[in-house]
Amino acid sequence: MPAFDHSLVTLRFFGSDLLPDEISALLGATPTASYHKGQELKGSQSGVVRVARTGSWRLDAERREPEDLEAQIFEILDQLTGDLAIWASLARFRPDLFCGLFMGSSNDGVSLSPRVLLALGQRGIELGLDIYDAEEEVRNAQRQQVIS
């Protein structure tokens, strides 16, 4: 089973009453990105300003080529508190781990050890896997060439 070409991983918290500084203090880390409900957010490319409908706290792992999902998960978790009581108090913010897996061929695969699954489960972190087809990236690039 070949590995995915590359992977992206982000730990995310969302909630109307989420205050990013409080999450940072509890977890013991600075987020990659965060905002509170009602904060004005300006699109980095579009420049369009919008108002956040909810609060958000996100921490990214470094991109891995080839994919190394388990290393990315521990890269994030190792920065944060291991106090499970704190994690339980954060459950109301629905913590999830967004994992983008980008295929390099038509039959890539990934597995996770019991150790990583236990670490996520103990912290109440939902695991989300978004899998992107290698052929789709080629089709998107071809569409962009036609449009240009």
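Nothing here was measured: the structure is a model prediction, and the numbers come from that model.
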List, one per line, each side-chain donor-acceptor pair under 3.5 Å for residues 18-30, sequence neighbours excluded.
from: S24; atom 1: OG; to: P20; atom 2: O; distance (Å): 3.1
from: S24; atom 1: OG; to: A29; atom 2: O; distance (Å): 3.3
from: S24; atom 1: OG; to: W57; atom 2: NE1; distance (Å): 2.9

* Asked: Going by heavy atoms in the side chains, are D5 and L101 under 4.5 Å from each other?
  -> no

* Pairwise side-chain contact, T81 with W87, heavy-atom cut-off 4.5 Å (strictly under) -> yes

* Check the surroundings of atom CD in E65: do more than 12 heavy atoms from other residues, nucleotides or ligands lie under 6.0 Å from it? => yes

* **Reported CG-to-CZ distance for the pair D68 and R63, which is rounded to 0.5 angstrom** => 14.0 Å

* Structure fact -> Applied to residues 91-101, the salt bridge (charged side-chain N to carboxylate O under 4.0 Å, His left out) test, sequence neighbours excluded, yields R12-D96, D17-R92

* Asked: V110 versus I131: any side-chain heavy-atom pair under 4.5 Å?
  -> no

* Residue pairs involving residues 15-50 (criterion ring-ring contact (aromatic ring centres under 6.0 Å, His included); sequence neighbours excluded) -> none

* **Q72 side chain to S7 backbone, donor-acceptor under 3.5 Å** => yes

Show me the side-chain donor-acceptor pairs of residues 118-130 shorter than 3.5 Å, one per line, residues at least two apart or across chains.
from: R123; atom 1: NH1; to: A119; atom 2: O; distance (Å): 2.9
from: D130; atom 1: OD2; to: Y132; atom 2: OH; distance (Å): 3.4

* Residue pairs, two or more places apart or on separate chains, that pass salt bridge (charged side-chain N to carboxylate O under 4.0 Å, His left out) and touch residues 72-83 -> R64-E75

* **Verdict with reasoning, L41 to V51, per side-chain contact (heavy atoms from CB on, under 4.5 Å)** => CA-CA 6 Å; L41 305 171; V51 176; over 6 Å; no

* Asked: Transitively linked via ILVMFWY side-chain contacts under 4.5 Å: F14 with F93?
  -> no

* Residues F74, V116; criterion side-chain contact (heavy atoms from CB on, under 4.5 Å); working and verdict -> CA-CA 8 Å; F74 281 117; V116 77; 3.8 Å; yes

* So which pairs with a foot in residues 32-61 pass salt bridge (charged side-chain N to carboxylate O under 4.0 Å, His left out), sequence neighbours left out? -> none

* **Side-chain touch L97/T10, heavy atoms, less than 4.5 angstrom** => no

* Structure fact -> dist E67:CD -> L8:CG (nearest 0.5 Å) comes out at 11.0 Å

